[in-house]
2 protein chains.
Amino acid sequence: MSIRNPKQALYEQFAVVAKALGNPQRLELIEQLAQGPRSVEALAAKLARPVANVSQHLQAMRRAGLVTSERDGKFVNYRLADESVLGAFASIRVVAERHSAEVERIVRGYFDRRDDMEPVSREELAARMKDGLVTVIDVRPPDEFALGHLPGAINVPLGQLEQRLSDLEAKPEIVAYCRGPWCVMSFEAVALLREHGFNARRMEDGLPEWRDAGLAVEA
Amino acid sequence: MSIRNPKQALYEQFAVVAKALGNPQRLELIEQLAQGPRSVEALAAKLARPVANVSQHLQAMRRAGLVTSERDGKFVNYRLADESVLGAFASIRVVAERHSAEVERIVRGYFDRRDDMEPVSREELAARMKDGLVTVIDVRPPDEFALGHLPGAINVPLGQLEQRLSDLEAKPEIVAYCRGPWCVMSFEAVALLREHGFNARRMEDGLPEWRDAGLAVEA
DNA sequence: GCATCATTCAATAATTATGTTGAATGAACT
DNA sequence: AGTTCATTCAACATAATTATTGAATGATGC
């Protein structure tokens, strides 16, 4: 029976989606796109990869239904198809975190040296923001900040943090966040702030997760 | 990509997991394993694939952390690593359902065909039986079958149908019947057969009506 | 029209994934 | 010890994926 029954045909389609997620560069593109729509050129610059290569990966994701594209002048802007794409990314990350010895090794080796940096959850941060007890800094580059950030957050790109320490208000606590749970910049920011005597922590998640949770975003 | 920062290393690990999900056969194995632990042999039988092939897919999934295996006598039982694997499967399915035109096409085609499960009338069936164009299956329990059935019909109780699919002759069409026009079993039988790629319909009436119409009955 | 520039395409080469076959392994049973 | 049998391995062929390069496309602005 070389006939393909509908069930198998469906599995093939599901596999197409999973395959489109099965590449580190494409996952990185997804994380970038989670910040907002981007042109091919901008993404290529972020990943430091050839434009043609990024374009091909984006097209592969478009064929799988992960992203959509729209021409704007001479640019083509890609964006995530919807939040379910981030959901799939997140659930894959959960599997990897739970079952990949390699992930544990990497995480312990790189992140856990600083795991006294207990992260602040979205909910806790939202509550403390309301009470005005916290200064929130967004350590992402200005272009990403411009496309959306936590209400009241101030943008201090990591590279400028050290020069701008004196600008920071001395509220009881400073919370730094960036692109997502694995984004290194917020770790480095907190490390630097603590070095200079600030009471600093990082938010557990990044802006995409904050937005997906239905919390307010400022533009 | 010769230097690999920890972030990229993590993306690579996430990609390993997604890649392991990016194959229709492995997705089907996951669905089977969702029912409970299974041996390689049992899975190979279910998927109707060579044992060595299934074994390799299972090992690929084990390397990615999706499943675990445990020896039990001469069998090796595989099981899902945990429920997060099903979560990943589900979230991929959601993406596919929302964004794949192909999935929509398959689903619509499949259900439409189910809806128009046009029954075969007694007269039409009798004619097609004479021409040898049709395999007739009686999905009632064996005791009822023994008391009388359509000439040439084979008895395949509904519960055994899935295991005995390979026994079925590949005539142009299969017609299932049971106790009467309101007997659910023939509906289910036809649905199952179509799922597996057979061209199947149900007879409008059951055996009593057939007999009452004066048509031949075998005992 | 013509030049510019972001994006896409096409061709190539290298790597990886997949399925098939038959042999090897290793536990259980006689 | 030898046999059986589920599973795994190894070798091979084929197909798919990926990165790279340079050229083609197509919208924009002069």
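Values reported hereafter were calculated over all heavy atoms of this structure, with side chains retained and with hydrogens, waters and symmetry mates removed. Everything quoted here is computed from the prediction, not taken from an experiment.
Note on R71(B): every side-chain N or O is 4.0 Å or more away from OP1 and OP2 of dA6(D). Between R49(B) and dT20(C) there is a side-chain polar atom (N or O) within less than 4.0 angstrom of OP1 or OP2. An OP1 or OP2 oxygen of dA6(D) is reached within less than 4.0 angstrom by no side-chain nitrogen or oxygen of Y78(B). Checking the phosphate oxygens (OP1, OP2) of dA17(C), no side-chain nitrogen or oxygen of Q56(B) falls inside 4.0 Å. OP1 or OP2 of dA19(D) sits under 4.0 Å from a side-chain N or O of H57(A). Put simply, N23(A) has no side-chain N or O that comes within less than 4.0 Å of OP1 or OP2 on dT17(D). The side chain of S55(B) places no N or O atom within less than 4.0 Å of a non-bridging phosphate oxygen (OP1 or OP2) of dT7(D).
The residue among D72(A) and A60(A) whose nearest nucleotide of DNA chain D is located toward the 5' end is A60(A). Residue whose closest nucleotide on DNA chain C sits further toward the 5' end, between A52(B) and N53(A): N53(A). If you find the closest nucleotide of DNA chain C to K19(A) and to V51(A), the one lying nearer the 5' end belongs to V51(A).
Distance E12(B) CD to dT15(C) C1': 14 Å, rounded to the nearest Å. If you measure from atom CG of L58(B) to atom P of dC9(D), you get 12 Å, rounded to the nearest angstrom. Distance, Q59(B) CD to dT8(D) P: 5 Å, rounded to whole Å. Taking atom CZ on R38(A) and atom C1' on dT7(C), their separation rounds to 18 Å, with Å as the unit. For L27(A) and dT17(D), the CG to P distance is 16 Å, given to the nearest whole Å. The CG-C1' distance, from L43(B) to dT8(D), rounds to 15 Å in whole Å. At whole-Å resolution of the value, CD in E41(A) and C1' in dT28(D) are 15 Å apart. As rounded to whole Å, 8 Å separates atom P of dT7(D) from atom CG of N77(B).
Comparing dT8(D), dT20(D), dA6(C) by their nearest atom to the side chain of P50(A) picks out dT20(D). Nearest to the side-chain atoms of F75(A) among the listed nucleotides dA6(C), dA28(C), dC9(C) stands dA6(C).
In this structure, a donor-acceptor pair under 3.5 Å is present between the side chains of S69(B) and R62(B). Between the side chains of Q25(A) and H57(A), no donor-acceptor pair of N or O atoms lies under 3.5 Å. Remark: the Y78(A) side chain and the E70(A) side chain contain no N/O donor-acceptor pair separated by less than 3.5 Å.
Residues S84(A) and S91(B) fail the side-chain proximity criterion, which asks for heavy atoms closer than 4.5 Å. D205(A) has its side chain out of reach of W210(A): every pair of non-hydrogen atoms, C-beta onward, lies at least 4.5 Å apart.
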